[in-house]
Amino acid sequence: MARRYWLLKSEPSTFSFDDLRASPRRTTRWEGVRNYQARNLLREMKRGDEALFYHSNADPPAAVGTVTLVREAYPDADQFDPSSPYHDAKSDPADPRWVMVDVRYGKAFARPVTLPELRARKSLAGMVLLRKGSRLSVQPVSAAEWRTILKLGGL
DNA sequence: GCCAACGTTGGC
DNA sequence: GCCAACGTTGGC
(Lines give C-alpha, C1' and ligand atoms only; values in the text may rest on other atoms or scores of the structure.)
Protein backbone atom coordinates (compact mmCIF):
# COMPACT_ATOMS: atom_id res chain seq x y z
CA MET A 1 0.00 0.00 0.00
CA ALA A 2 1.35 3.37 -0.97
CA ARG A 3 1.94 6.03 1.59
CA ARG A 4 -1.15 8.05 2.28
CA TYR A 5 -1.68 11.64 3.28
CA TRP A 6 -3.83 13.14 5.99
CA LEU A 7 -4.76 16.33 7.75
CA LEU A 8 -4.83 16.68 11.53
CA LYS A 9 -6.59 19.59 13.17
CA SER A 10 -5.47 21.16 16.39
CA GLU A 11 -6.38 24.37 18.08
CA PRO A 12 -3.08 26.20 18.62
CA SER A 13 -4.30 27.52 21.97
CA THR A 14 -4.49 23.89 23.08
CA PHE A 15 -1.62 22.29 21.20
CA SER A 16 0.23 24.11 18.45
CA PHE A 17 2.76 23.01 15.87
CA ASP A 18 5.42 24.79 17.93
CA ASP A 19 4.29 22.80 20.96
CA LEU A 20 4.94 19.65 18.96
CA ARG A 21 8.40 20.85 17.98
CA ALA A 22 9.13 21.45 21.65
CA SER A 23 7.89 18.01 22.69
CA PRO A 24 10.27 15.20 23.71
CA ARG A 25 11.61 13.56 20.54
CA ARG A 26 9.35 16.03 18.72
CA THR A 27 6.67 13.39 19.06
CA THR A 28 3.22 13.38 20.59
CA ARG A 29 0.26 11.13 21.15
CA TRP A 30 -2.68 12.26 19.05
CA GLU A 31 -5.12 11.75 21.88
CA GLY A 32 -8.70 12.68 22.49
CA VAL A 33 -10.35 11.83 19.19
CA ARG A 34 -13.92 10.99 20.16
CA ASN A 35 -15.65 10.84 16.83
CA TYR A 36 -16.21 7.53 15.09
CA GLN A 37 -15.43 8.67 11.58
CA ALA A 38 -12.20 10.29 12.72
CA ARG A 39 -11.36 7.19 14.77
CA ASN A 40 -11.83 4.98 11.73
CA LEU A 41 -9.41 7.16 9.79
CA LEU A 42 -6.86 6.97 12.63
CA ARG A 43 -7.03 3.21 12.27
CA GLU A 44 -6.14 3.46 8.59
CA MET A 45 -2.99 5.49 9.19
CA LYS A 46 0.25 3.61 8.60
CA ARG A 47 3.82 4.19 9.70
CA GLY A 48 5.44 6.59 7.30
CA ASP A 49 2.21 8.29 6.31
CA GLU A 50 2.40 12.05 6.40
CA ALA A 51 -0.13 14.61 7.55
CA LEU A 52 -0.70 18.32 7.38
CA PHE A 53 -0.79 20.03 10.75
CA TYR A 54 -3.74 22.40 10.62
CA HIS A 55 -4.46 25.14 13.12
CA SER A 56 -8.21 25.42 13.60
CA ASN A 57 -9.90 28.17 15.58
CA ALA A 58 -6.89 30.29 14.76
CA ASP A 59 -6.50 33.69 13.14
CA PRO A 60 -6.20 32.87 10.39
CA PRO A 61 -6.90 29.14 10.30
CA ALA A 62 -3.99 27.59 8.40
CA ALA A 63 -1.94 24.55 7.55
CA VAL A 64 1.44 25.23 9.12
CA GLY A 65 3.57 22.17 8.46
CA THR A 66 3.79 18.42 8.22
CA VAL A 67 4.04 15.49 10.62
CA THR A 68 4.93 11.84 10.15
CA LEU A 69 3.06 8.85 11.54
CA VAL A 70 5.48 6.99 13.79
CA ARG A 71 3.10 4.69 15.67
CA GLU A 72 -0.07 3.16 14.35
CA ALA A 73 -3.37 3.12 16.22
CA TYR A 74 -3.39 1.84 19.78
CA PRO A 75 -5.87 2.30 22.63
CA ASP A 76 -6.24 5.83 23.96
CA ALA A 77 -5.64 5.46 27.70
CA ASP A 78 -7.64 8.56 28.62
CA GLN A 79 -10.91 6.87 27.78
CA PHE A 80 -10.54 4.76 30.96
CA ASP A 81 -9.45 7.64 33.20
CA PRO A 82 -12.47 9.06 35.05
CA SER A 83 -10.57 12.26 35.78
CA SER A 84 -9.86 12.90 32.11
CA PRO A 85 -12.08 15.11 29.97
CA TYR A 86 -11.75 12.35 27.39
CA HIS A 87 -13.14 9.70 29.73
CA ASP A 88 -15.73 7.38 28.18
CA ALA A 89 -17.56 5.26 30.75
CA LYS A 90 -19.09 3.15 28.02
CA SER A 91 -15.80 2.00 26.56
CA ASP A 92 -14.96 -1.61 27.40
CA PRO A 93 -11.30 -2.16 28.36
CA ALA A 94 -11.47 -5.55 26.66
CA ASP A 95 -12.54 -3.82 23.46
CA PRO A 96 -11.42 -0.20 23.61
CA ARG A 97 -13.57 2.16 21.66
CA TRP A 98 -11.04 4.94 21.05
CA VAL A 99 -7.53 4.90 19.66
CA MET A 100 -4.67 7.30 19.25
CA VAL A 101 -1.56 7.40 17.07
CA ASP A 102 1.86 8.94 17.58
CA VAL A 103 3.09 11.61 15.22
CA ARG A 104 6.46 13.29 14.89
CA TYR A 105 7.20 16.84 13.81
CA GLY A 106 8.08 16.93 10.13
CA LYS A 107 8.69 20.18 8.31
CA ALA A 108 7.43 23.67 9.00
CA PHE A 109 6.07 25.54 6.02
CA ALA A 110 8.08 28.56 4.93
CA ARG A 111 4.76 30.37 5.26
CA PRO A 112 1.41 29.18 6.61
CA VAL A 113 -1.16 28.23 4.02
CA THR A 114 -4.32 29.90 5.20
CA LEU A 115 -7.86 28.71 4.78
CA PRO A 116 -8.70 31.53 2.34
CA GLU A 117 -5.68 30.53 0.23
CA LEU A 118 -6.83 26.94 0.19
CA ARG A 119 -10.31 28.01 -0.85
CA ALA A 120 -8.89 30.15 -3.62
CA ARG A 121 -7.24 27.16 -5.32
CA LYS A 122 -9.52 25.55 -7.83
CA SER A 123 -7.57 22.30 -7.71
CA LEU A 124 -8.28 22.00 -3.99
CA ALA A 125 -12.03 22.45 -4.28
CA GLY A 126 -12.59 18.79 -3.47
CA MET A 127 -10.73 18.86 -0.18
CA VAL A 128 -12.62 17.42 2.76
CA LEU A 129 -11.56 20.45 4.78
CA LEU A 130 -13.34 22.80 2.40
CA ARG A 131 -16.64 20.99 2.29
CA LYS A 132 -19.51 22.85 3.82
CA GLY A 133 -20.00 21.90 7.43
CA SER A 134 -16.91 19.72 7.50
CA ARG A 135 -15.74 19.28 11.08
CA LEU A 136 -13.69 16.12 10.94
CA SER A 137 -10.51 16.45 12.99
CA VAL A 138 -8.78 13.70 11.01
CA GLN A 139 -9.14 13.87 7.25
CA PRO A 140 -7.73 12.16 4.20
CA VAL A 141 -5.77 14.30 1.73
CA SER A 142 -5.10 13.19 -1.84
CA ALA A 143 -1.57 13.00 -3.22
CA ALA A 144 -2.35 15.82 -5.63
CA GLU A 145 -3.74 18.01 -2.84
CA TRP A 146 -0.67 17.23 -0.75
CA ARG A 147 1.73 18.32 -3.47
CA THR A 148 -0.22 21.49 -4.14
CA ILE A 149 -0.36 22.52 -0.49
CA LEU A 150 3.32 21.83 0.16
CA LYS A 151 4.15 23.99 -2.81
CA LEU A 152 1.95 26.78 -1.47
CA GLY A 153 3.75 26.43 1.84
CA GLY A 154 7.12 26.84 0.18
CA LEU A 155 8.33 23.24 0.64
C1' DG B 1 -20.13 36.56 20.45
C1' DC B 2 -22.87 34.52 16.82
C1' DC B 3 -24.57 30.83 14.49
C1' DA B 4 -24.72 27.02 10.89
C1' DA B 5 -23.73 22.36 10.54
C1' DC B 6 -23.14 18.20 12.50
C1' DG B 7 -23.12 14.20 15.91
C1' DT B 8 -25.10 12.17 19.94
C1' DT B 9 -28.58 11.23 23.27
C1' DG B 10 -32.74 9.65 24.95
C1' DG B 11 -37.87 9.64 25.15
C1' DC B 12 -41.41 7.55 22.86
C1' DG C 1 -36.66 3.54 14.39
C1' DC C 2 -37.88 8.41 14.63
C1' DC C 3 -36.69 12.84 15.79
C1' DA C 4 -36.34 16.85 19.03
C1' DA C 5 -33.14 18.63 22.12
C1' DC C 6 -28.74 19.39 23.20
C1' DG C 7 -23.65 19.93 22.91
C1' DT C 8 -19.69 20.76 20.02
C1' DT C 9 -17.00 22.53 16.24
C1' DG C 10 -15.02 26.13 14.03
C1' DG C 11 -15.35 29.99 10.70
C1' DC C 12 -16.46 34.61 10.77
Side-chain angles (χ1 to χ4, degrees), chain A residues 4-23 28-45 49-67 69 72-103 105-142 144-155:
Chain A
R4 296 179 64 185
Y5 300 102
W6 309 91
L7 178 150
L8 296 172
K9 280 185 197 171
S10 187
E11 300 194 18
S13 60
T14 303
F15 189 79
S16 70
F17 196 49
D18 280 342
D19 291 333
L20 175 56
R21 187 179 56 189
S23 298
T28 192
R29 300 173 164 189
W30 206 259
E31 66 201 358
V33 170
R34 295 293 180 270
N35 168 283
Y36 288 104
Q37 203 178 343
R39 190 247 354 235
N40 293 343
L41 292 170
L42 286 180
R43 285 177 171 165
E44 292 182 23
M45 298 176 78
D49 282 0
E50 294 185 276
L52 298 166
F53 197 108
Y54 178 82
H55 280 165
S56 61
N57 252 317
D59 188 20
V64 293
T66 70
V67 299
L69 204 290
E72 296 175 10
Y74 60 107
D76 183 333
D78 287 347
Q79 66 195 304
F80 304 121
D81 177 359
S83 70
S84 168
Y86 299 127
H87 180 239
D88 182 352
K90 294 182 190 166
S91 184
D92 176 3
D95 183 20
R97 181 178 292 186
W98 305 112
V99 299
M100 56 189 174
V101 298
D102 289 356
V103 296
Y105 188 90
K107 293 178 179 170
F109 285 167
R111 52 187 175 280
V113 182
T114 68
L115 184 57
E117 289 177 82
L118 293 170
R119 288 198 193 286
R121 281 272 151 175
K122 281 213 175 80
S123 61
L124 297 177
M127 275 191 81
V128 174
L129 182 74
L130 304 183
R131 287 185 198 154
K132 185 168 182 172
S134 176
R135 296 187 325 193
L136 264 185
S137 61
V138 181
Q139 306 180 358
V141 170
S142 76
E145 291 162 353
W146 178 264
R147 284 191 299 270
T148 299
I149 295 166
L150 260 61
K151 202 172 294 179
L152 289 173
L155 293 187

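A, B, ... follow the sequence lines: proteins, then strands. Residue 1 opens every chain.
The backbone N or O of F80(A) lies less than 3.5 Å from no partner atom in the side chain of S84(A), so there is not a single donor-acceptor pair.
Taking the side chain to side chain donor-acceptor pair (under 3.5 Å) definition, one finds that D88(A) meets it with R97(A), W98(A), sequence neighbours left out. Annotation: salt bridge (charged side-chain N to carboxylate O under 4.0 Å, His left out) contacts of R21(A) (sequence neighbours excluded): D18(A).
Residues W30(A) and S10(A) approach most closely at CH2-CB, 3.9 Å, considering heavy atoms.
The side-chain heavy atoms of N40(A) and R43(A), taken from C-beta on, include a pair separated by under 4.5 Å.
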Readout for nucleotides 3-12 of chain C: B = base within 4.0 Å of protein heavy atom, S = sugar-phosphate only, - = neither; 5' to 3' it is ----BBBBBS

